[in-house]
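The next block holds one structure in the form of structure tokens; read it before the comments.
Numbers here are sequence positions counted from 1.
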Amino acid sequence: MTGSDGAALAGDLPPSLSAASSSAWLGEVRAQRTHPLVLWYGPTYGVMERVAAGWMMSGMERMTPQDARDSLAWWFRNMARTSAVSAADREQYRDGAALLELGRPNEVTVAGRSFRIVRADRFCRFGVDGPEPPRPTDPDDLPEPRTRRDAGRFDHGLLPPAHAPGSSELLGERWEKVPEGPVVPAEVTRDARRALTTHPRVARLAVRFAAAEKESGTWPPHGPFLHSPANVRDHLATYFDTIVPMMLPSSPDVLAEYRAAAGLLRDGTRRAELTVLGRRFRVIRFEYVVRVGPDGPERPRPSDYDPEEPFTPDAEEAHGLGFIDDE
């Protein structure tokens, strides 16, 4: 078993080139050289609320558009049970939840508040040795924002300013992908090309991190996309010392190797890579980008994978499925 602190680069892009002397800006430039290839890792979804200052974000980690709609319906149902909300508004929240349960709207106005299902694209930088690990100036340990059931759910900050792909504000990066080729459905390519025109600017969100395992030359991510490397290390450690013993028929020696690896991940070191019994794991860094047009952030595309039917379980089921949090 081997381990490495893995860190090599510096943090996030500053809001303007006036910060060119900062280590973060230099780190971004260096990342373009050490990990020049930008690969698309698919879309993810969430809900944003239109406010006077722009678009207030909630989480952007739903797997499908319907998953995001279901989460918003749940929030409406909870608001309809909140005594601090007026009776008239509670009725509107119930109506909004019913609307989401009956159809697939991507924009809903309830109690004078406008909400939108929003699509983001996920990217990862690659270099000669694979995907980019966390940078030294990435905060190592952050609390995971909670998608709360009270009015503070939409408290993840405003959608950042959007810039033209390839502009100086983005250091020339385009942060866009048009999937195409013989195995890509024509409608997917069509919608991606259309988005370049209808939503021509891009806004970069906070980076996320995930554990990846090298498999046949590729690095598929495993587990959730989290806000800090420390949370990913802890999640991977739990996989090693809790999930592996249940899923893999292993000898005591093998289990001891995984327990030792879990201990390394919890030793407080900003460790980005670990090899256990020939399995190579790495904490990798993901960029999240939302396309923005004149009317705001991009909604789900018609060709996006969206197989689920609208679904709102009862409160007990919701807790079991993780749609709402205990507080």
Side-chain angles (χ1 to χ4, degrees), residues 4-41 44 48 53-57 60-61 118 120-145 156-177 196 199-210 212 219 221 225-233 269-273 282-293 297-298:
S4 168
D5 62 13
L9 305 174
D12 289 327
L13 184 69
S16 74
L17 293 184
S18 64
S21 62
S22 71
S23 60
W25 186 88
L26 294 174
E28 187 74 19
V29 172
R30 186 181 181 193
Q32 290 182 320
R33 297 172 180 171
T34 60
H35 295 80
L37 180 63
V38 176
L39 295 185
W40 181 61
Y41 267 72
T44 184
M48 295 189 189
W55 290 87
M56 187 64 68
M57 298 185 292
M60 290 296 297
E61 280 304 327
V118 175
D121 286 297
R122 202 157 31 206
F123 295 91
C124 182
R125 287 190 173 281
F126 272 69
V128 174
D129 191 40
E132 182 185 13
R135 302 174 186 175
T137 53
D138 288 329
D140 187 59
D141 193 5
L142 291 174
E144 290 297 314
H156 292 210
L158 288 171
L159 179 68
H163 302 288
S167 63
S168 60
E169 291 87 353
L170 301 178
L171 293 184
E173 292 289 1
R174 300 200 60 83
W175 299 114
E176 59 189 25
K177 171 67 175 179
L196 303 183
H199 295 78
R201 301 168 74 82
V202 296
R204 290 174 68 182
L205 309 185
V207 299
R208 309 263 179 119
F209 304 88
W219 290 86
F225 295 81
L226 302 173
H227 285 75
S228 68
N231 290 333
V232 175
R233 292 196 301 271
T269 303
R270 292 187 58 149
R271 195 181 308 279
E273 190 165 313
R282 180 179 294 180
V283 179
I284 60 178
R285 187 180 199 272
F286 287 90
E287 297 274 357
Y288 279 58
V289 172
V290 170
R291 299 200 70 87
V292 179
E298 184 184 14

Item to check | Atom pair CZ/CZ of F286 and F209 - distance to nearest 0.5 Å | outcome: 10.5 Å

Checklist entry - What's the spacing between L226 CG and R208 CZ if we round to 0.5 Å? => result 8.5 Å

Item to check | Pair E287 + R125: basic N to acidic O under 4.0 Å | outcome: no

Checklist outcome for this item: Sequence neighbours excluded, the answer for side-chain hydrogen bond (donor to acceptor under 3.5 Å, both in side chains) partners of Y288 is E61, R122

Checklist entry - If you take all heavy atoms of A272 and P133, which pair is closest and at what distance? => result CB-CB, 4.0 Å

Next on the checklist: The criterion is side-chain hydrogen bond (donor to acceptor under 3.5 Å, both in side chains); which residues satisfy it with R201, sequence neighbours excluded?
Outcome noted: none

Item to check | Test side chain to side chain contact (heavy atoms under 4.5 Å, CB included) applied to R291 and L196, step by step | outcome: CA-CA 8 Å; R291 299 200 70 87; L196 303 183; 3.7 Å; yes

Item to check | Heavy-atom closest pair, residues H35 and G127 | outcome: CD2-N, 3.3 Å

Item to check | R33 versus P36, closest heavy-atom pair with distance | outcome: O-CD, 3.6 Å

Checklist entry - Any luck finding a side-chain donor-acceptor pair between W175 and D121 under 3.5 Å? => result no

Checklist entry - Hey, what do you get for CD (E28) to OG1 (T137), rounding to the nearest 0.5 Å? => result 9.5 Å

Checklist entry - Which heavy atom of S228 sits nearest a heavy atom of L142, and at what distance? => result OG-N, 3.2 Å

Checklist entry - Once you round to the nearest 0.5 Å, how far does CG of L205 lie from CE of M60? => result 6.5 Å

Checklist entry - CZ/R174 to CZ/F123 distance, rounded to the nearest 0.5 angstrom? => result 11.0 Å

Item to check | Full working for side chain to side chain contact (heavy atoms under 4.5 Å, CB included) between V292 and V202 | outcome: CA-CA 6 Å; V292 179; V202 296; over 6 Å; no

Checklist entry - Between V118 and M57, does a side chain to side chain contact (heavy atoms under 4.5 Å, CB included) hold up when you go through it step by step? => result CA-CA 9 Å; V118 175; M57 298 185 292; over 6 Å; no

Checklist entry - Who are the side-chain hydrogen bond (donor to acceptor under 3.5 Å, both in side chains) partners of D129, not counting sequence neighbours? => result R280, R282

Item to check | Distance, nearest 0.5 Å, that separates CD1 of I284 from CZ of F126 | outcome: 6.0 Å

Checklist entry - Taking NZ, NE, NH1 and NH2 as the nitrogens, is one of them in D138 or R285 under 4.0 Å from a carboxylate oxygen of the other? => result yes

Item to check | Full working for side chain to side chain contact (heavy atoms under 4.5 Å, CB included) between R233 and D140 | outcome: CA-CA 10 Å; R233 292 196 301 271; D140 187 59; 2.8 Å; yes

Checklist entry - Taking all atoms of both residues into account, what is the closest heavy-atom pair of P221 and A210, and its distance? => result CB-CB, 4.3 Å

Checklist entry - Which pair of heavy atoms, one from P200 and one from G293, lies closest together, and at what distance? => result CD-CA, 4.0 Å

